[in-house]
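One structure is given below, encoded as structure tokens.
Residues take their numbers from the sequence shown, with the count starting at 1.
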Amino acid sequence: MRESEQQAGLTRMRLIATGLLVAMAVLFVAARVLEPRHAAFAFVAAFAEAAMVGAIADWFAVTALFRHPLGLPIPHTAIIPTNKEKIGENLGNFLETNFMSYDVVHAELVRIDFAGSAAHWLAQPANSRAVADQAVSAVPVLLRMIDDKDAAGFLREALSGALQDVKLAPILSQVLSVLVAGRQHHVLLERLLGLISSALEAHRPYIRQKVHEHSPRWLPRAIDEKFYERLMEGVQNTLEEIQGEDSEWRVRFQAATEELIENLAHSPEYEEKLRSLLESSLNHPLFRTYVGQVWEDVRDRLLADAESDDSQLSAHLQSALQAFSRALERNPAIQQRINDWLRTFAAETIVSKRELIIALVRRVIRSWDADTIARKFELHVGRDLQYIRINGTIVGGLVGLALHCVSLLFT
């Protein structure tokens with residue numbers, strides 16, 4: 001409720017309570033004037049008199065909470081403004097003790113189904129579309145804030161930093177070990193040999209021409225052609241021999257592979273060579289140019305898509321959000337885990353920061369002057385306190401009437 005509404009309600013109830021006091025005063029005067037005419041007016045006068053006393057007493061009590069009644073510095077009045085510092089301190093202690101404990105906060109958060117509510121909300125196409133559009137709309141702003149050179153440099157540094165503490169040689173050794181265990185290195189060798197054999201067959205005319213060009217001029221053409229045929233036959237036979245399961249070439253290849261795996265796993269020299277090769281590659285001008293071109297291409301594509309009326313990125317993001325929400329709705333166990341994590345995280349965060357929260361409450365209350373704190377308290381509770389005045393008027397009148405009746409019994 002706004003302060004203007006609170007002030008209007010307070011003013012209305014204050015007028016009612018004060019109007020009732022005035023009515024009792026008028027009633028008392030009228031009853032006293034008419035009392036000689038009829039004894040019944042004595043009862044009315046007793047009621048009105050006691051009602052005025054009760055109304056004035058309660059008015060004094062209520063007013064004394066917020067200010068000095070009639071502006072008179074009567075002791076133990078204007079209680080709230082006078083005790084502003086104590087109120088701030090005690091209110092902070094009250095909040096810290098009764099509201100900022102882990103058990104209280106966590107118990108309140110248990111009532112909230114964070115994951116289920118979020119999943120149900122995102123499952124609505126309009127909501128997931130709105131989230132996707134808002135996320136994509138921020139892309140052009142972010143991209144234009146980033147300078148191309150800075151972005152390319154960041155990518156290089158990020159890649160270099162990510163690999164800085166990684167031992168490359170042992171990782172490569174493990175990869176090769178997996179290949180060797182599945183005999184994939186032999187498959188790779190056979191594929192490579194097959195490619196070489198196919199390339200030789202496809203380029204036989206070119207090879208023949210090169211052999212003829214580098215042969216002595218005095219060598220007969222027939223001998224030159226025979227040399228070429230023997231050369232091609234020897235190369236093909238060697239390639240076929242290497243592909244044989246029990247060939248010496250295979251044995252040597254297996255031994256060389258196992259030696260390489262061993263050296264990669266345990267030799268610092270191999271690690272240093274790989275690290276040097278990686279650093280030289282990352283710092284090479286061609287790599288820098290390539291990274292810059294990749295960034296520019298990615299940026300241009302993202303900008304074009306984000307600024308189009310039919311953004312594919314937004315559509316894909318919306319589909320991903322809806323798929324995630326539907327999967328989450330169908331999995332209560334995951335919902336429970338997410339809720340437990342969020343509740344625990346929120347409760348621990350609030351409790352860990354409760355001193356800051358309580359300190360804020362105390363600082364705000366200390367910053368208020370006496371009139372401000374009195375006005376704020378009165379706006380929140382003053383309307384209900386006016387009922388005390390009204391009830392005091394009625395109860396006081398009834399008590400006065402009862403006492404008048406009792407007094408007649410003893411006369």
(request) For residues F41 and L34, report the shortest heavy-atom separation together with the two atoms involved. (result) CD1-O, 3.3 Å
(request) Measure from the side-chain N and O atoms of N339 to the backbone N and O of A115, and report whether any donor-acceptor pair falls under 3.5 Å. (result) yes
(request) Assess the side chains of Q335 and N331: does a donor N or O sit below 3.5 Å from an acceptor N or O? (result) no
(message) So F43 and L408, do their side chains get closer than 4.5 Å, heavy atoms only?
(response) yes
(message) With a 4.0 Å cut-off on N to O distance, would you call R32 and E35 a salt bridge?
(response) yes
(message) Assess, by modelled atom type and distance only, whether the side chains of Q318 and S314 contain a donor and an acceptor separated by less than 3.5 Å.
(response) no
(request) Can you measure from CD (Q6) to OG1 (T11) and round to the nearest 0.5 angstrom? (result) 11.5 Å
(request) Might you point out which heavy atoms bring Q134 and S137 nearest each other, and give the distance in Å? (result) O-OG, 2.7 Å
(message) Under a 3.5 Å threshold, yes or no: a donor from one side chain and an acceptor from the other, between R383 and Q386?
(response) no
(message) Just so I know, are the side chains of L360 and L356 near enough to count as touching, which here means a heavy-atom distance under 4.5 Å?
(response) no
(request) Indicate the atoms forming the closest heavy-atom contact of S101 with V351, along with that distance. (result) C-CG2, 3.8 Å
(request) Could you check if a side-chain atom of S325 sits within less than 4.5 angstrom of a side-chain atom of Q124, using non-hydrogen atoms only? (result) no
(request) Identify the two heavy atoms, one from A50 and one from G400, that lie closest to each other, and give their separation to 0.1 Å. (result) CB-CA, 3.2 Å
(message) To the closest 0.5 Å, what do you measure between CG (L65) and CD1 (I388)?
(response) 8.0 Å
(message) Applying side-chain contact (heavy atoms from CB on, under 4.5 Å) to L328 and L122, what does each step give before you reach the verdict?
(response) CA-CA 10 Å; L328 187 58; L122 280 176; over 6 Å; no
(request) Taking atom types as modelled, find out whether T18 and R389 have a side-chain donor-acceptor pair closer than 3.5 angstrom. (result) yes
(request) Please round to the nearest 0.5 Å and tell me the distance separating atom CG of L109 and atom CG of D340. (result) 11.5 Å
(request) Give, for atom CD of E355 and atom CD1 of I357, the distance between the pair rounded to the nearest 0.5 Å. (result) 10.5 Å
(request) Check whether any side-chain heavy atom of L21 sits under 4.5 Å from a side-chain heavy atom of I56, and report yes or no. (result) yes
(message) How long is the straight-line distance from CG of L15 back to CG of L20, given to the nearest 0.5 Å?
(response) 12.5 Å
(request) Kindly give the heavy-atom pair with the smallest separation between A45 and F28, and that separation in Å. (result) O-CD1, 3.4 Å
(message) Please check: side-chain N/O of S128 versus main-chain N/O of P125, any donor-acceptor pairing under 3.5 Å?
(response) yes
(request) Hey, could you give me the CG/CG distance between N127 and L321, rounded to the nearest 0.5 Å? (result) 10.5 Å
(request) Look at the side chain of R343 and the backbone N and O of H106, then say whether any donor-acceptor pair between them is shorter than 3.5 Å. (result) no
(message) I want to check something: taking the side chain as every heavy atom from C-beta on, are E348 and T344 in contact at a cut-off of under 4.5 Å?
(response) yes
(request) Could you tell me whether the side chain of E329 reaches within less than 4.5 Å of the side chain of H120, counting heavy atoms only? (result) yes
(request) Output every pair passing side chain to side chain donor-acceptor pair (under 3.5 Å) with a member in residues 45-54, not counting sequence neighbours, ordered by first then second residue. (result) none
(request) Flag yes if more than 12 heavy atoms outside F324 fall under 6.0 Å of its CZ atom; otherwise flag no. (result) no
(request) State whether the number of non-hydrogen atoms from other residues, nucleotides or ligands found under 6.0 Å of R337 atom CZ is greater than 12. (result) no
(request) State, with a plain yes or no, whether a side-chain heavy atom of R67 is found less than 4.5 Å away from one of T77. (result) no
(request) Take the angle between the ring planes of W341 and F345 and call it parallel below 30°, perpendicular above 60°, tilted in between. (result) parallel
(request) Might you point out which heavy atoms bring G392 and D58 nearest each other, and give the distance in Å? (result) CA-OD2, 2.8 Å
(message) Could you check whether any side-chain heavy atom of I394 comes within less than 4.5 Å of a side-chain heavy atom of I390, counting everything from C-beta outward?
(response) yes
